[in-house]
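As a basis for the values below, the full set of heavy atoms in this structure was taken, side chains included, without hydrogen atoms, waters or symmetry mates.
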Amino acid sequence: MKSVLSERKTLHPQDLERRELSPGAGRAVRALAREISATLDLALADPAAAARTLTDPALIERIDAGAAALPAEVRHAMRPPATTAGATVVGRLSVADNEFGPTPPSWREAARWSGDPARRAHSFELDVVMLLLARSAGEPFGWQGQQDGRLVNNIVPAAGHEHEQSGASSAVLLSPHTEDAFHPRRANLLMLGCLRNPDLVGTTVSSVRRIELSTAQRELLSTPTLPILPDVSYGDGHENYAAPPIPTLWSADGTEGQTLRYDPAYTPLSDAGPEFRAAYEHLAAELERVCVTAALSPGELLLVDNDVAVHGRVPFTARYDGTDRWLKRVNIRLPERRRRAEEADENGYGQQTVAPFRTADTPPVESGTQERDAVRHDRGPLEHA
């Protein structure tokens, strides 16, 4: 399905909220990750084993204990975005371009390198860094059907995927979308960590709390009308499941409490009537109007409130020479934020989470205050401590 947004859209860069980790806090995270990596048995033979290592009980225990012992400023920096932009840049971990080796040609190669004794030291260490930071924010999780269930995903351009709507693309605009919008267990918070970005490729972010819609448009978009299908990274099989219509917008308290589920590239808009399509196209135009960009530098993180903001990526020309953009991605659940009761019966197209940090699967409940808290305001250094 084609994006409803123009691939030649004009971006409107603005300043995003920015938080800084002190050099000492950054060193503490790197040192702890190095220690954990060195003391665990990392004799991995294949990518599947590498994926299992990230969920190994010994590693999970060390991540839990380590995240709790990190300086309080780390947890403070990793709290959800505090402005209506729904996104925050966190800077900066100390990383060197020569410590990772070349950008892998695909996520599969990246996973394989994590299991290669000759390559894995720094690659695996950075996975542990990402898990420590994600655990400081909430509960990291993965998907069984995506990147072999890894908790830390590698986002790199892949030859042959240049024009698809996935993280492996490059030549097209990656349309702004809610991460895993098709699933009721989608992340509350998305974390992107930059290892390499020499061309300053921009990640786009648009917040539903900055758009302008009429009352009639909000009502239309709040009515369950169309399904959202899984993206191509999950493979085939979704055809075997019912595709229930879901609302695009949720609203607890008007604009202030507005949240959304949005993925135009995987929404069959042609199945809707003209009034709904017109409202959806206006929503797309508004998300374009309020779009901001973050061109991450190595060591920087982008936190996106996945209930409030959609994200994408501007087009770029991949070289496939080991120097291309390389990000790491982690999905994070915020235990204090519950899904709405209406989502409880969705089938999620059979996709299951890999959630080793969770002791129980809390069902969605009707939520008012939690949804309004999707954008939190800075309440001082003890928040989430």
Undergrad: Let's go through Ile332 and Phe141 carefully: what are the C-alpha distance in whole Å and the side-chain angles of both, what is the deciding distance for side chain to side chain contact (heavy atoms under 4.5 Å, CB included) to 0.1 Å, and is it a yes or a no?
TA: CA-CA 6 Å; Ile332 302 169; Phe141 71 93; 5.8 Å; no
Undergrad: Starting from the C-alpha separation in whole Å, work towards a yes-or-no answer on side chain to side chain contact (heavy atoms under 4.5 Å, CB included) for Gln165 and Asp231.
TA: CA-CA 8 Å; Gln165 285 292 309; Asp231 69 58; over 6 Å; no
Undergrad: For a side-chain hydrogen bond (donor to acceptor under 3.5 Å, both in side chains) check, start with the C-alpha distance between Ser22 and Arg27, then their side-chain angles and the critical distance, and finish with the verdict.
TA: CA-CA 9 Å; Ser22 70; Arg27 286 193 296 270; over 6 Å; no
Undergrad: Would a distance-only check, ignoring hydrogens and angles, find a side-chain to backbone donor-acceptor pair under 3.5 Å from Gln258 to Trp250?
TA: yes
Undergrad: Give a yes or no answer on whether the side chain of Gln217 reaches the backbone of Ser214 with a donor-acceptor pair at less than 3.5 Å.
TA: yes
Undergrad: Going from CG on Leu131 to CG on Asp127, what distance comes out if it is rounded to the nearest 0.5 angstrom?
TA: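 With rounding to 0.5 Å, CG (Leu131) is 7.0 Å from CG (Asp127).
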Undergrad: Find out whether Cys291 and Val205 are in side-chain contact, i.e. whether some heavy atom of one side chain is under 4.5 Å from a heavy atom of the other.
TA: no
Undergrad: Will you find, in the side chains of Thr55 and Arg150, an N or O donor that is under 3.5 Å from an N or O acceptor?
TA: no
Undergrad: Show your reasoning for whether side-chain hydrogen bond (donor to acceptor under 3.5 Å, both in side chains) applies to Arg313 and Thr203.
TA: CA-CA 4 Å; Arg313 189 215 61 242; Thr203 300; over 6 Å; no
Undergrad: Between Val232 and Leu174, is there shared hydrophobic-cluster membership here, with clusters defined by ILVMFWY side-chain heavy atoms closer than 4.5 Å?
TA: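 Per the 4.5 Å side-chain linkage, Val232 and Leu174 are not co-clustered.
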Undergrad: Do Arg108 and Asp148 come within less than 4.5 Å of each other through their side chains, counting heavy atoms only?
TA: yes
Undergrad: Determine whether more than 12 heavy atoms belonging to other residues, nucleotides or ligands lie under 6.0 Å from atom CG of Asp236.
TA: no
Undergrad: Could you check if a side-chain atom of Phe276 sits within less than 4.5 angstrom of a side-chain atom of Thr248, using non-hydrogen atoms only?
TA: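 Sidechains of Thr248 and Phe276: in contact.
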Undergrad: Check whether any side-chain heavy atom of Arg261 lies under 4.5 Å from a side-chain heavy atom of Ile246, and answer yes or no.
TA: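 Answer yes - side chains close enough.
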Undergrad: Would you say the side chain of Ser206 lies within less than 4.5 Å of the side chain of Glu288, judging by non-hydrogen atoms?
TA: no
Undergrad: Would Leu303 and Leu190 satisfy side chain to side chain contact (heavy atoms under 4.5 Å, CB included), going step by step from the backbone distance to the final call?
TA: CA-CA 6 Å; Leu303 299 178; Leu190 184 70; over 6 Å; no
Undergrad: How many angstroms lie between OH in Tyr349 and CG in Asp180, if you round to the nearest 0.5 Å?
TA: 12.5 Å
Undergrad: Let me check something: any side-chain donor-acceptor pairs from residues 191-199 under 3.5 Å, sequence neighbours excluded? List them with distances.
TA:
{"from": "Arg196", "atom 1": "NE", "to": "Asp97", "atom 2": "OD1", "distance (Å)": "2.7"}
{"from": "Arg196", "atom 1": "NH1", "to": "Gly101", "atom 2": "O", "distance (Å)": "3.2"}
{"from": "Arg196", "atom 1": "NH1", "to": "Thr103", "atom 2": "OG1", "distance (Å)": "2.8"}
{"from": "Arg196", "atom 1": "NH1", "to": "Gly322", "atom 2": "O", "distance (Å)": "3.4"}
{"from": "Arg196", "atom 1": "NH2", "to": "Asp97", "atom 2": "O", "distance (Å)": "2.9"}
{"from": "Arg196", "atom 1": "NH2", "to": "Asp97", "atom 2": "OD1", "distance (Å)": "3.2"}
{"from": "Arg196", "atom 1": "NH2", "to": "Gly101", "atom 2": "O", "distance (Å)": "3.0"}
{"from": "Asn197", "atom 1": "OD1", "to": "Val201", "atom 2": "N", "distance (Å)": "3.0"}
{"from": "Asn197", "atom 1": "ND2", "to": "Val201", "atom 2": "O", "distance (Å)": "3.1"}
{"from": "Asn197", "atom 1": "ND2", "to": "Leu296", "atom 2": "O", "distance (Å)": "2.9"}
{"from": "Asp199", "atom 1": "OD1", "to": "Arg319", "atom 2": "NH1", "distance (Å)": "3.2"}
{"from": "Asp199", "atom 1": "OD2", "to": "Arg319", "atom 2": "NH1", "distance (Å)": "3.0"}
{"from": "Asp199", "atom 1": "OD2", "to": "Arg319", "atom 2": "NH2", "distance (Å)": "3.1"}

Undergrad: Output the distance between atom CZ (Phe182) and atom CG (Asn347), rounded to the nearest 0.5 Å.
TA: 10.0 Å
Undergrad: Within the side chain of Arg218, is there an N or O that forms a donor-acceptor pair under 3.5 Å with the backbone of Leu249?
TA: no
Undergrad: Can you list the residues that meet the side-chain contact (heavy atoms from CB on, under 4.5 Å) rule with Ala96, with sequence neighbours excluded?
TA: Asn98, Glu99
Undergrad: Salt bridge between Arg79 and Glu336, side-chain N to carboxylate O under 4.0 Å?
TA: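 Glu336 and Arg79: not salt-bridged.
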Undergrad: So, does His76 use its side chain to make a donor-acceptor pair with the main chain of Val74 at under 3.5 Å?
TA: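 Looks like no, no N/O pair under 3.5 Å.
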Undergrad: For Arg62, what residues pass the side-chain contact (heavy atoms from CB on, under 4.5 Å) criterion, not counting sequence neighbours?
TA: Glu35, Ile36, Thr39
Undergrad: Ignoring hydrogens and geometry beyond distance, is a side-chain donor-acceptor pair present between Asn188 and Asn306 at under 3.5 Å?
TA: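 Short answer, no.
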Undergrad: Between the main-chain N or O of Leu220 and the side-chain N or O of Ser222, is there a donor-acceptor pair closer than 3.5 Å?
TA: no
Undergrad: With Asp305, which of Arg209, His311, Arg337 fulfils side chain to side chain donor-acceptor pair (under 3.5 Å)?
TA: Arg337
Undergrad: Are any non-hydrogen side-chain atoms of Glu17 and Pro81 less than 4.5 angstrom apart?
TA: yes
Undergrad: Output the distance between atom CZ (Arg339) and atom OG1 (Thr259), rounded to the nearest 0.5 Å.
TA: 8.0 Å
Undergrad: State which residues pass salt bridge (charged side-chain N to carboxylate O under 4.0 Å, His left out) with Glu20; sequence neighbours excluded, sorted by chain then number.
TA: Arg18
Undergrad: May I ask you to decide if Ala278's main-chain N or O and Glu281's side chain share a donor-acceptor pair within less than 3.5 Å?
TA: no
Undergrad: When you look at Tyr280 and Leu226, which way does the side chain to side chain contact (heavy atoms under 4.5 Å, CB included) test go after all the steps?
TA: CA-CA 11 Å; Tyr280 198 96; Leu226 295 172; 5.8 Å; no
Undergrad: Just verifying a value: how many Å separate Thr293 OG1 and Leu16 CG, rounded to the nearest 0.5 Å?
TA: 7.5 Å
Undergrad: Crowded around Gln144 CD? As in, over 12 foreign heavy atoms under 6.0 Å?
TA: yes
Undergrad: Show, in sequence, the C-alpha distance, side-chain angles and deciding distance for Arg30 and Glu125, and conclude whether the salt bridge (Lys or Arg N to Asp or Glu O under 4.0 Å) test is met.
TA: CA-CA 8 Å; Arg30 289 296 310 263; Glu125 180 186 315; 2.9 Å; yes
Undergrad: Hey, is the main chain of Leu189 close enough, under 3.5 Å, to the side chain of Glu179 for a donor-acceptor pair?
TA: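 Not confirmed, Glu179 side chain does not pair with Leu189 backbone.
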Undergrad: Between Pro80 and Thr88, is there a side-chain heavy-atom distance shorter than 4.5 Å?
TA: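 A side-chain contact is absent here, since even the closest heavy-atom pair is not under 4.5 Å.
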Undergrad: Is there a ring pair (Phe, Tyr, Trp, His ring centres under 6.0 Å) between Tyr234 and Tyr266 once you walk through the steps?
TA: CA-CA 12 Å; Tyr234 288 92; Tyr266 294 94; 9.7 Å; no
Undergrad: Which distance, rounded to the nearest 0.5 Å, do you find between the OG1 of Thr267 and the CG of Leu269?
TA: 6.0 Å
Undergrad: Any luck finding a side-chain donor-acceptor pair between Ser136 and Arg75 under 3.5 Å?
TA: no
Undergrad: Give me each pair satisfying side chain to side chain donor-acceptor pair (under 3.5 Å) with a member in residues 153-163, each pair once, sequence neighbours excluded.
TA: Asn153-Arg329, Asn154-Trp326, Asn154-Lys328, His161-Glu164, Glu162-Tyr320
Undergrad: Ignoring hydrogens and geometry, is there a side-chain-to-backbone donor-acceptor pair from Thr353 to Ala355 under 3.5 Å?
TA: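 Looks like no, no N/O pair under 3.5 Å.
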Undergrad: Indicate yes or no: at least one non-hydrogen side-chain atom of Leu213 is less than 4.5 angstrom from one of Leu221.
TA: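 A side-chain contact under 4.5 Å exists here.
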Undergrad: Taking Glu343 as the fixed residue, which of Arg185, Arg186, His183 is the one that meets the side chain to side chain donor-acceptor pair (under 3.5 Å) rule?
TA: Arg186
Undergrad: Using the salt bridge (charged side-chain N to carboxylate O under 4.0 Å, His left out) criterion, which residues pair with Arg135? Sequence neighbours excluded.
TA: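 Listed in chain order: Asp64.
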